[in-house]
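Just below is one structure, and these are the notes that go with it.
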Amino acid sequence: MNKLEGRVAIITGAAVGNGQAFCQRLAQEGATVVIADIADAEEAIEKVKSIGGNIIALRTDVTDEIQTQELARKTIERFGRIDILVNNVGLYHEEPFELISYKEWKRMLEVNLDGLFLTTKAVLPQMKQQGYGRIIALSSDTVWLGTPYLVHYVTSKMGVIGFVRSLASEVGKYGVTVNAITVG
């Protein structure tokens, strides 16, 4: 197998859940994995190491521009490249629209959209320089369903689709693909 041998993948929000599963799968395919998360990633690290994968974790708040730039710098410093970015991190909670505070609204957009913007901005120069990159962003099937009590979440996840469609058109000529997965 090992289709990704020699490739380096950054996965945001990979300490648990889907992110942890992405780590394992990419490692099975031969990629070196870098976890970017504010949570303790020891469980994900152990799971990847148990299958013989190469993995590190860099504590990163994706809503912080300096930390995302450091994530890219440290990855390049350590591994010499960045081939894959999986924008997995996301905030989710149900709330009737009338009860969503402006602070909650802004936090949802900050994590789900600003984090996508900042991590992509941090890694894209390296991908363009290499002439190769794969950016994958997680959206949600809720954008197609009109799901109640998730106006802030659905808005942010629809924004992911707009971001991906526009950026894909812009950077494809550099060998960088940008895609979204509507998980659900």
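Treat the numbers as computed from the prediction; the structure is a model and nothing was measured.
- Contacts of Ser140 classified as side chain to side chain contact (heavy atoms under 4.5 Å, CB included), with partners at least two apart in sequence or in another chain: Thr142, Tyr153, Lys157.
- Put simply, OG1 on Thr63 and CG on Leu109 are 12.5 Å apart, with the number rounded to the nearest 0.5 Å.
- Taking all atoms of both residues into account, the shortest heavy-atom contact from Val164 to Ala180 is CG1-N, 3.7 Å.
- Screening Ile84, Leu71, Ile11 for a side-chain contact (heavy atoms from CB on, under 4.5 Å) involving Val34 leaves a single residue, Leu71.
- Side chain of Asp83 to main chain of Gly133: no donor-acceptor pair is present (N/O by atom type, distance under 3.5 Å, no hydrogens or angles).
- Here the side chain of Ser166 pairs no donor or acceptor atom with the backbone of Gly162 at under 3.5 angstrom.
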Would you mind writing out the side-chain donor-acceptor pairs for residues 89-96 within the sub-3.5 Å range, not counting sequence neighbours?
residue : atom : partner : partner atom : Å
Tyr92   : OH   : Glu94   : OE2          : 3.1
His93   : NE2  : Glu104  : OE2          : 3.2
His93   : NE2  : His152  : NE2          : 3.3

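- Crowding of Tyr132 atom OH: a count of heavy atoms from other residues, nucleotides or ligands under 6.0 Å exceeding 12.
- The number of heavy atoms from other shown groups lying within 6.0 Å of CG (Leu99) is above 12.
- At distances below 3.5 Å, not a single donor-acceptor pair connects side-chain atoms of Arg7 with backbone N or O atoms of Ala31.
- Both Val183 and Val86 are part of a single hydrophobic cluster, where members link through side-chain heavy atoms under 4.5 Å apart.
- Here salt bridge (Lys or Arg N to Asp or Glu O under 4.0 Å) pairs that include residues 35-45, with residues two or more places apart or in two chains, are Glu43-Lys47.
- The hydrophobic cluster containing Val154 does not contain Val160, counting ILVMFWY residues as joined when their side-chain heavy atoms lie under 4.5 angstrom apart, directly or transitively.
- Listed by first and then second residue, the salt bridge (Lys or Arg N to Asp or Glu O under 4.0 Å) pairs involving residues 126-153 amount to none (not counting sequence neighbours).
- Side chains of Thr12 and Leu85 form a contact here, defined as non-hydrogen atoms less than 4.5 Å apart.
- Rounding to the nearest 0.5 Å places CG of Asn2 at 7.0 Å from CD of Glu29.
- Between the side chains of Gln126 and Gln130, a donor-acceptor pair is found at a separation under 3.5 Å.
- Side-chain contact between Phe22 and Ile136 is absent, with no heavy-atom pair separated by less than 4.5 Å.
- A salt bridge is defined here as a Lys NZ or Arg NE, NH1 or NH2 lying under 4.0 Å from an Asp or Glu carboxylate O, and Glu110 with Arg107 meets this definition.
- When every heavy atom of Ala14 is checked against every heavy atom of Ala44, the shortest pair comes out as O-CB, 3.6 Å.
- Residues Ile55 and Thr32 are not in side-chain contact: their nearest non-hydrogen atoms beyond the backbone lie 4.5 Å or more apart.
- Atoms CG and NZ, on Asp114 and Lys106 in that order, are 11.0 Å from each other to the nearest 0.5 Å.
- Sorted by first and then second residue, the ring-ring contact (aromatic ring centres under 6.0 Å, His included) pairs involving residues 98-126 (not counting sequence neighbours) form an empty list.
- Residues Val48 and Ala27 share a closest heavy-atom pair of CG1-CB, 3.6 Å.
- No chain of hydrophobic side-chain contacts below 4.5 Å, direct or via other Ile, Leu, Val, Met, Phe, Trp or Tyr residues, connects Phe163 to Met108.
- Under the 4.5 Å side-chain criterion, counting only non-hydrogen atoms from C-beta, Leu124 is not in contact with Tyr174.
- In this view, Ile161 and Ser139, Val143, Trp144, Met158, Arg165, Thr182 satisfy the side chain to side chain contact (heavy atoms under 4.5 Å, CB included) rule, not counting sequence neighbours.
- Inter-residue side-chain proximity for Leu58 and Ile56 is flagged as met; some heavy-atom pair is nearer than 4.5 Å.
- The structure places CD of Gln129 at 10.0 Å from CZ of Arg81, a figure rounded to the nearest 0.5 Å.
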Side chain to side chain contact (heavy atoms under 4.5 Å, CB included) assessment of Asp61 paired with Thr68: CA-CA 7 Å; Asp61 177 348; Thr68 56; over 6 Å; no
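- Taken to the nearest 0.5 Å, the CD1 atom of Ile10 stands 13.5 Å off from the CG atom of Asn88.
- No side-chain heavy atom of Thr177 sits less than 4.5 Å from a side-chain heavy atom of Ile135.
- Minimum interatomic distance between Ala15 and Ile35 (heavy atoms only, all atoms of both residues): N-CG2, 4.3 Å.
- Leu113 and Leu118 fall within a single hydrophobic cluster, where Ile, Leu, Val, Met, Phe, Trp and Tyr side chains are chained together by heavy-atom contacts under 4.5 Å.
- Rounding to the nearest 0.5 angstrom, the gap separating the CE atom in Met127 from the CD1 atom in Ile82 is 6.5 Å.
- The pair Lys74-Glu77 does not meet the salt-bridge criterion, since no charged nitrogen lies less than 4.0 angstrom from a carboxylate oxygen.
- Contact annotation: the side chain of Asn54 never approaches that of Val33 to less than 4.5 Å [non-hydrogen atoms, C-beta and beyond].
- Ile181 and Val178 end up in different hydrophobic clusters when Ile, Leu, Val, Met, Phe, Trp and Tyr side chains are linked at under 4.5 Å.
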